[in-house]
Amino acid sequence: MQKTVEQIEQDLQRPTGRTQRAAERIEQDLLRPIFTTSGKYKVAVAVSGLLVLAGVAAFGYQLYTGIGVWGINSPVFWAFDITNFVFWIGISHAGTLISAILRLCNATWRRPVTRCAEAITVFSIVIGGLIPLCHIGRPWLGYWLIPYPNQRGIWPNFRSPLLWDFFAILTYLTGSTTFLYLPTIPDFAAIRDASTGFRKKICRILSLGWQGTPRQWQRLEIAMHIMAIAIVPVAVSVHTIVSWDFSMTLVPMWHSTIFGPYFVTGAIFSGIAALILAMALLRHFLHLEQYLTPLHFNNLGKLLLTMSLLWFYFTFCERLTTWYGNTPDEMAVFWQSIRLHFAPLFWTMVICNLIIPVPILSMKRFRTITGTAIASSTIIVGMWIERFLIIVPALDHKFLPFSWGVYRPTWVEDTLMASSFGMMALLYLLFSKAVPMISIWEMKVGLQPHGGGIITTAPAIAEPHGLVLEGPLPTDVPE
Amino acid sequence: MAHKWGLVVDLDRCTGCEACVVACHAENNVPTVGKDQAAIGRAMQWIRVERSWEGDFPNPKVRFQPVLCQQCDAAPCEAVCPTYASYHTEEGLNGQAYNRCIGTRFCANACPYTVRSFNFFNPSWQKPLNLQLNPDVSVRSVGIMEKCTFCVQRIKSAEIQAEAEKRDLKDGELTTACAQSCASKALVFGDLNDPNSEVSRLASSNRAAKLMGELGTKPNVTYLDRGAWQDAKNS
Amino acid sequence: MERRNFIKISALTGVAATLDACRAPDKQLIRFIPEENLIPGIAVWKPSICTLCSAGCGLQVRVMQGDAEVERHGERGLIKMGLAKRLEGSPQNPINAGKLCARGQAGLQVLYHPDRITKPIKRSGARGSGQFQAISWDDALKELTSHLTALQASRSANALAFLARPLRGQRRELIEKFLTAFGAPPAVWYEPFDEAVLRQANLLSFGHAALPTLDLARADYVISFGADFLGTWNSPVAQSIGYGAMRRGRPGRRGKFVQVESRMSQTGANADEWIACKPGTEGVLALGIAHVILSQKLAPQSIASPAASRAGSQIAGWSAGLPEFTPEAVEKQTGVSAAVMTRLAHEMTLSGAAAAIVGGAPLAQTNGLFSALAVNALESLVDANRDEGPILGFTPEPPLSNAGEPAAPAQASFARLNSFAQSVLSGKAGTPQMLMLYDANPIFSAPPATKIREAIARIPTIVSLGSFIDETSAQADLILPDNAPLESWLDSVPESGSFQSLIGLAPPAVSPLHETRPMPDVLLGVAQHLGGDLAKALPYATFDAMLKAALLPLRAQGGSVAAKTDDDFWQSVQTQGGWWSAPAAAGWKSAAAKPAAMPQGKQASHALTAPEFAGSATDFPFYFQPYLTPSFGDGSTAHLPWMQELPDALTTAMWSSWVEIHPKTGAMLGIQQGDLVEIASQAGSLRVPAVLSPGIAPDLLAMPVGQGHENFGRFASGHGANPLSILAPVVEPSTGSLAWAATRVKLARVGGPEQAKLVLFAGGMSGFPHDEKPR
């Protein structure tokens, strides 16, 4: 077996024309960040690591003193915690869903995008999933949500949307992780072959004995196809179920049938924004200018524009029906967010999600890398505010005016929120050290214009039928 | 026949004196949270007397309305609890099993009446104030949601007593702490399944209404409208 | 390890562990007192009496066995004892019939208050520094008796002063006898909101120098001039019971209730009709209504009744039909329209049993007595000559020689305190050299113009017999802490609230938690020790012996206790929580129908005087009205956490004090809800958060009494401000009572909500969601 691999390497190193040199270049470029560590990278890991540590410390303080160190109160029992939860679960819709749809549509420009998108999904689900554990009053009993025969003799309550959440998120996490992992297997094999020592050992395990035989390629193809089809309804259902945390209650402005699609739309919207931002950063710091090209940003920018308009449509529908219905309880919340206490936030949200992005994204001149990155940044902010405005005004103006309240976050909540961003950055940074952020083999597949094996002598990368598609070439490969 | 506990609040009798609030604190070990916590909206009251103003000087009108857990038959709080800490008892109460509560606070959000109190910290009774604690009621620790139980400890104790004496419970034999203390008899507690009980009689009054009854929560607390002076002769 | 070392180490560890266990109180059991009637886990209800206001409600205390951590002889440990767990009203008691107000229920926290003085303490630092050291009871009593003997020896027994909250019953008897036998002047009974004006007016109008008892359950129409009878005035629990019955206790009949005041009180909030009236003109309004009744002959039988003639004769011009008080003339003075007055007169006379009552702010004006007499005259006009008897009557005196209402009202609290302070400050011979304090806190509750703080500072020796350090007892040199009420023998002679004559009596409900001794026992012990007249006047070893001696004559009266022997009687009285007459035997009818003879020299009728205020209307544009809250009373229950965290009924404020301002006034002065404002009078100024309230006249500011303690334990100190501290020493001239609503003030915004720190329980002052409109 060892011998075969060496043979493949030798084969790969043999120059066999432009495509082959391009393939070598791809491998070089994309494996470089794994084997070389820059000073900037270390600083970034240190900063995000410190943020995570600060969050751990804040959470420890909260565990020790009680959840009262947060600013939540009666009636605002949920605030930053669930805002961040919905936000991160929303961000998770960047990757898997988009990647699956693009795969299913055979969109060839997707190749450099899928890996970094799918990674966002997995990590933001992990973060989103941790938040409910931090937010409950007695986190040490969080495992009571898990249905398993136990000496407590108590089964969790399947009528509770929180339990649905638990299953939805668990399913989505499992699915997304698999979806991320499957196409990484050939790349793990590539790293295994390119590295030595500990990393080699790990990658040997992770590559599951990948040899690149046609049979393996065929199975990978089938698995990817099944996963791509299966993950789409899961992704849609996850954010619908998250929306049910709210819409299943009677709370004014929560109890709404539009919440399912509204949340899914918002999730994809914020997810694409997060993806564009991540891609722009990767492109800059990992020098992937030749892989993540303006084409990608242009295409994703169009998608973002669509989502922005769709988001506005849903927001408009939600607000219009409430306003037209004019029930006193809902109007109390409605006016709070539009004209009273929360009006500054509400209009900031509209500016961030609509007024700024739409002009940028609708004009080709501005739909550049910088333009889409700016639009994405405002959308990330706007969508966070959107979640906050869904949760807090409804709670603090819920029904009986006597029990209305005011919410102000404390430093603990601020720290935990900053920490969640730090955690995302840290996980992403560490991931980029373990795995190429752009799928090497998929890029190589893209080199072959008309199907068949791309690199003739290398059985390891023999391209299964049907995955061979047009793709971008590194532009400066010498003839 | 099983009991179905209910409470009638006669808004015409209620004077807003809040004796019920202190009675509830004493009976159910409801903690006081102190000025700083109260200032950020964390005061805990299982029963509160709501006050609302209408009009302005020289013709201001005030209404007092005691609000406590409505012990709904279709309770929004129960369905959403993932651990069955909020559950429906056989006698129609919205039970709250403190040691099963993990503190998701979902029930408090789902409750349209905002009558659930959350322990944001461990409660403190500076010694020897701890000696006032009622040993029949467990003290709740940090992270636990609590609420009016219709003084379930009083209900259980009376039921056990009646069973030991092999007899049925009599109307008026047991009452909640709030109703017990209510001087103007604005609060009346009893068995709604007993058609002759005072609470059944009052609950069928033509002044009777449910708090936000349009939500379909089917509360077991009934409010008797105050009514205008001129209309009083009709009831 | 060598065997020897091992043994050494084991021994050391063992000793250390044992010593450690001795220190940890949870592990140490000092002693075990099984109370015979207590079974673990089984509750026993014991009678007691509520002492948190003067209404004298009967209690039943839920006592259960439990472990208490206590200190005895300098050691801390656990003790198994009966513990009070709940206070409920005593069901048999004729006043409160099983009910109890919020404040009364918080009496439990007096017993378990962490700031209670647990043993005798002696001042160790400068006076008022708050530094005390614990001493033994023997030393404390020795010191007290040595001070008293020193006074006796220097033939200056009259230099002993006793300052206490007004008491009724045997505690008062004991203190009075003690002082008389010692040769000291009478005690200075002080409470800031005494009812001297109303007692005087009732004496003149009805022949009873007492607060009235209201049979509201029978009433069809009640008009109250400022009386907060559902909250703080008179006997609130009894009145609330009657109020409930008046509203919905009789099928098909619902009594109407009208409140006249200038700031909406909790009671006023329940009124069907709330009538705003200019401060100090409530009596004028009453006479305006009376004028309509008289001129239109709306109650022909009542007008001629002896009761009406008697009460009416107190008002100048009554027999002539009150010519000065035509509705139109009254409208100009009071701001209440003539049409309303006429309608009220008709309603009152047409709607069956009607009553007019007066209390609170109208009496705290310089013309308070006139207002009270005017309302009393109206009351007699509408409430007399009814077969079932009037709604407003008086509690019959218990058939004992030394209990019950005095023939003439005592001097007003404020006048007493003022003259006491003057005599101390005058420094003349015979000025008080020693002060004994019991349950009175004038440094907090008297206006600074009395100079009581300075006066008390001048007294060489101050001994407090109270349970808490407050502003006044902080000045003490020696504190001999009293038992908590639930740990004491209690008696009460309620002034009002029942139509049966009544004496409350209860043994201690629980054993003392701390090393305290009951104040009466301390005085009796001192009397025995000093000997002579004192020992003769107070020949009892303990207070219960004195109570027994005082109450035994009641056995012959029958009433609620039928007993063959004195011992049986004494036992039954204790289990019942007191003695009361059978409703028929000494009913209210006989008492109310027989007005006492008119006191000599009191026939002169009273003419209207305009209310006078301290401060000119130009410099001080606002009337200022302090008001009592059900939670704090005069401030003496501000240390109870349940009371601090009980939302005020109308503003829902907790842990704060505030000033109520009409939104228009607020808008005029740029004051918003929760802003910090400064209120200044001639006598001083204070800063307090603003609450904008629609229930107050735009030219009036109202502020709750009870907060603003500097030194009253951890729960009361440092919250809010004390409105009594800016009152000018204006008095009602005929009684010398403090006219606490006769100070004018000015108002200015000085800060925002961050400085004010107002805590409100409610989300806002808004109405129902249906009324909620965007700004």
Backbone N or O of [Y] within a donor-acceptor pair of the [X] side chain at under 3.5 Å?
X: K85(C); Y: L131(B); answer: yes
X: E645(C); Y: G34(B); answer: yes
X: R248(C); Y: R13(B); answer: no
X: Q105(C); Y: H25(B); answer: no

Worksheet entry | N134(B) side, atom CG; L83(C) side, atom CG - distance, nearest 0.5 Å | 12.0 Å

Response to the item:
So, the part of M643(C) with a heavy atom under 4.5 Å from chain B: the answer is side chain

Are the side chains of [Y] and [X] in contact, using a 4.5 Å heavy-atom criterion?
X: Q644(C); Y: T32(B); result: no
X: F57(B); Y: P663(C); result: no
X: P114(C); Y: L129(B); result: yes

Discussion item. Considering only residues two or more places apart or on different chains, which pairs with a residue in residues 131-142 of chain B satisfy salt bridge (charged side-chain N to carboxylate O under 4.0 Å, His left out)?
Written reply: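 Non-adjacent pairs meeting salt bridge (charged side-chain N to carboxylate O under 4.0 Å, His left out): D136(B)-R62(C), R140(B)-E146(B).
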
What part of [X] is in contact with chain C, defined as an atom under 4.5 angstrom from a non-hydrogen atom: side chain, backbone, both or neither?
X: A26(B); value: both
X: Q45(B); value: side chain
X: D56(B); value: both

Worksheet item: Cut-off 3.5 Å, side chains only: do R86(C) and Q132(B) have a donor facing an acceptor?
Response: no

Item to complete: Using a heavy-atom cutoff of under 4.5 Å, enumerate the residues of residues 114-124 of chain B that contact chain C, numbered in order, or state 'none'.
Response: none

